[in-house]
Visitor: 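Supplied in structure tokens, the structure appears directly below.
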Amino acid sequence: MRMTQDELNQLMADSAQNAIETTEDEFNLELDGSEQSIGLVDDVILAWIDKYKDQALEDSAVFTICNIYGAYVGEIFKQLVGGHWRYDESDQEAPYVVLEYAGKSYAFAGICYQRLVNDSQISILNYFEQAVGNSVQ
């Protein structure tokens, strides 16, 4: 799948907006695009499991949840620090999107996946704060 940088940027912005709208519709919670709202993303990721049980862990749901919230967190990072989205196709079977800034790549969707699927103690907010910390050194 070939995408221009503009198309990728639009996809990620649309995905972030989808996270905002979906969170409002499903949980009556407001993601306001602020750094402070990232802590709410930690809660919302787990709320999907509370609300939908095993359905939230089906492949298509995991893909959607992780990508929209990863885009949301990444867009906040971009506004705060900078960077650009990159579509990585090095593994044709499992392409993914990362946010790159100052020679580093940040897998915001990946950290959402870790919290949702593998370890509910992993914090998206901590990952975000570390990413910001790495970027301002």
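The basis for the numbers below is simple: all heavy atoms, side chains too, and nothing from hydrogens, waters or symmetry mates.
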Visitor: Checking Asp32 against Ser34: is there a side-chain donor and acceptor pair closer than 3.5 Å?
Guide: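 Distance-only check passes for Ser34 and Asp32.
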
Visitor: Give, for atom CE of Met12 and atom CD1 of Ile68, the distance between the pair rounded to the nearest 0.5 Å.
Guide: 11.0 Å

Visitor: Between Tyr113 and Asn118, is a side-chain contact (heavy atoms from CB on, under 4.5 Å) present by the stated rule, with each step listed?
Guide: CA-CA 7 Å; Tyr113 177 88; Asn118 292 331; 3.8 Å; yes

Visitor: Do Asn9 and Gln5 have side-chain atoms, one donor and one acceptor, less than 3.5 Å apart?
Guide: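 There is such a pair (donor and acceptor under 3.5 Å, judged by atom type) between the side chains of Asn9 and Gln5.
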
Visitor: Could you tell me whether the side chain of Val62 reaches within less than 4.5 Å of the side chain of Glu58, counting heavy atoms only?
Guide: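 No, side chains not in contact.
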
Visitor: From Tyr106 OH over to Glu100 CD, what is the distance, rounded to the nearest 0.5 angstrom?
Guide: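 The CD atom of Glu100 is 10.5 Å from OH of Tyr106, to the nearest 0.5 Å.
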
Visitor: Are any non-hydrogen side-chain atoms of Gln55 and Trp48 less than 4.5 angstrom apart?
Guide: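 Result no, sub-4.5 Å side-chain heavy-atom pair not found.
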
Visitor: Given side chains that start at C-beta, do those of Leu31 and Tyr69 come closer than 4.5 Å, heavy atoms only?
Guide: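 Contact flag for Leu31/Tyr69 side chains = yes.
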
Visitor: Quick check on the hydrophobic clustering: are Tyr52 and Val44 connected, directly or via other members, by side-chain heavy-atom contacts under 4.5 Å?
Guide: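 Cluster IDs for Tyr52 and Val44 match.
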
Visitor: Where is the tightest heavy-atom contact between Gly70 and Cys112, given as atom of each residue plus distance?
Guide: N-SG, 3.7 Å

Visitor: Can you get from Phe63 to Leu57 by hopping between Ile, Leu, Val, Met, Phe, Trp and Tyr side chains that sit under 4.5 Å apart?
Guide: no

Visitor: Say whether Tyr72 and Ser37, considering side chains only, have a donor N or O and an acceptor N or O under 3.5 Å apart.
Guide: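 Indeed, the side chains of Tyr72 and Ser37 share at least one donor-acceptor pair under 3.5 Å.
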
Visitor: Please report the interatomic distance CD(Gln79) to CD(Glu35), rounded to the nearest 0.5 Å.
Guide: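 Spacing of CD (Gln79) from CD (Glu35) equals 10.0 Å.
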
Visitor: Measure the spacing between CG of Leu40 and CD1 of Ile45 and express it to the nearest 0.5 Å.
Guide: 10.5 Å

Visitor: Minimum heavy-atom separation for Ser135 and Val81, please, with both atom names.
Guide: CB-CG1, 3.5 Å

Visitor: Taking Asp42 as the fixed residue, which of Ile122, Ile124, Asn126 is the one that meets the side chain to side chain contact (heavy atoms under 4.5 Å, CB included) rule?
Guide: Ile124

Visitor: What heavy-atom pair brings Ile76 and Gly33 nearest, and what distance separates the two atoms?
Guide: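 Reported closest heavy-atom pair: CG1-O, 3.5 Å.
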
Visitor: Do the side chains of Val73 and Leu80 join up, straight or via other hydrophobic residues, at under 4.5 Å, putting them in one cluster?
Guide: yes

Visitor: So which atom in Lys53 and which in Asp50 form the shortest heavy-atom distance, rounded to 0.1 Å?
Guide: NZ-O, 2.5 Å

Visitor: Do Leu46 and Arg115 have side chains that approach each other closer than 4.5 Å (heavy atoms only, starting at C-beta)?
Guide: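 Answer yes - side chains close enough.
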
Visitor: I need the Lys104 NZ to Asn134 CG distance, nearest 0.5 Å.
Guide: 5.5 Å

Visitor: Give the minimum heavy-atom separation between Leu99 and Gly83, together with the two atoms involved.
Guide: CD1-C, 4.3 Å

Visitor: I'd like to know if the side chain of Glu75 pairs up with that of Trp85 as donor and acceptor (distance under 3.5 Å, no hydrogens or angles considered).
Guide: yes

Visitor: Are Tyr96 and Ile65 linked, directly or through other ILVMFWY residues, by side chains that come within less than 4.5 angstrom of each other?
Guide: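 Cluster IDs for Tyr96 and Ile65 differ.
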
Visitor: Minimum heavy-atom separation for Ala61 to Ala56, with atom names?
Guide: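 Distance-wise, the nearest heavy atoms are CB-O, 3.7 Å.
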
Visitor: Nearest 0.5 Å, please: how far is CG in Asp59 from OG1 in Thr64?
Guide: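 The distance works out to 10.5 Å.
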
Visitor: Indicate if Tyr87 and Tyr101 have the same hydrophobic cluster label, given that clusters are the connected sets of ILVMFWY residues with side-chain heavy-atom separations under 4.5 angstrom.
Guide: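 Same cluster.
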
Visitor: Would you call the rings of Phe108 and Phe77 parallel, tilted or perpendicular, taking 30° and 60° as the class edges?
Guide: tilted

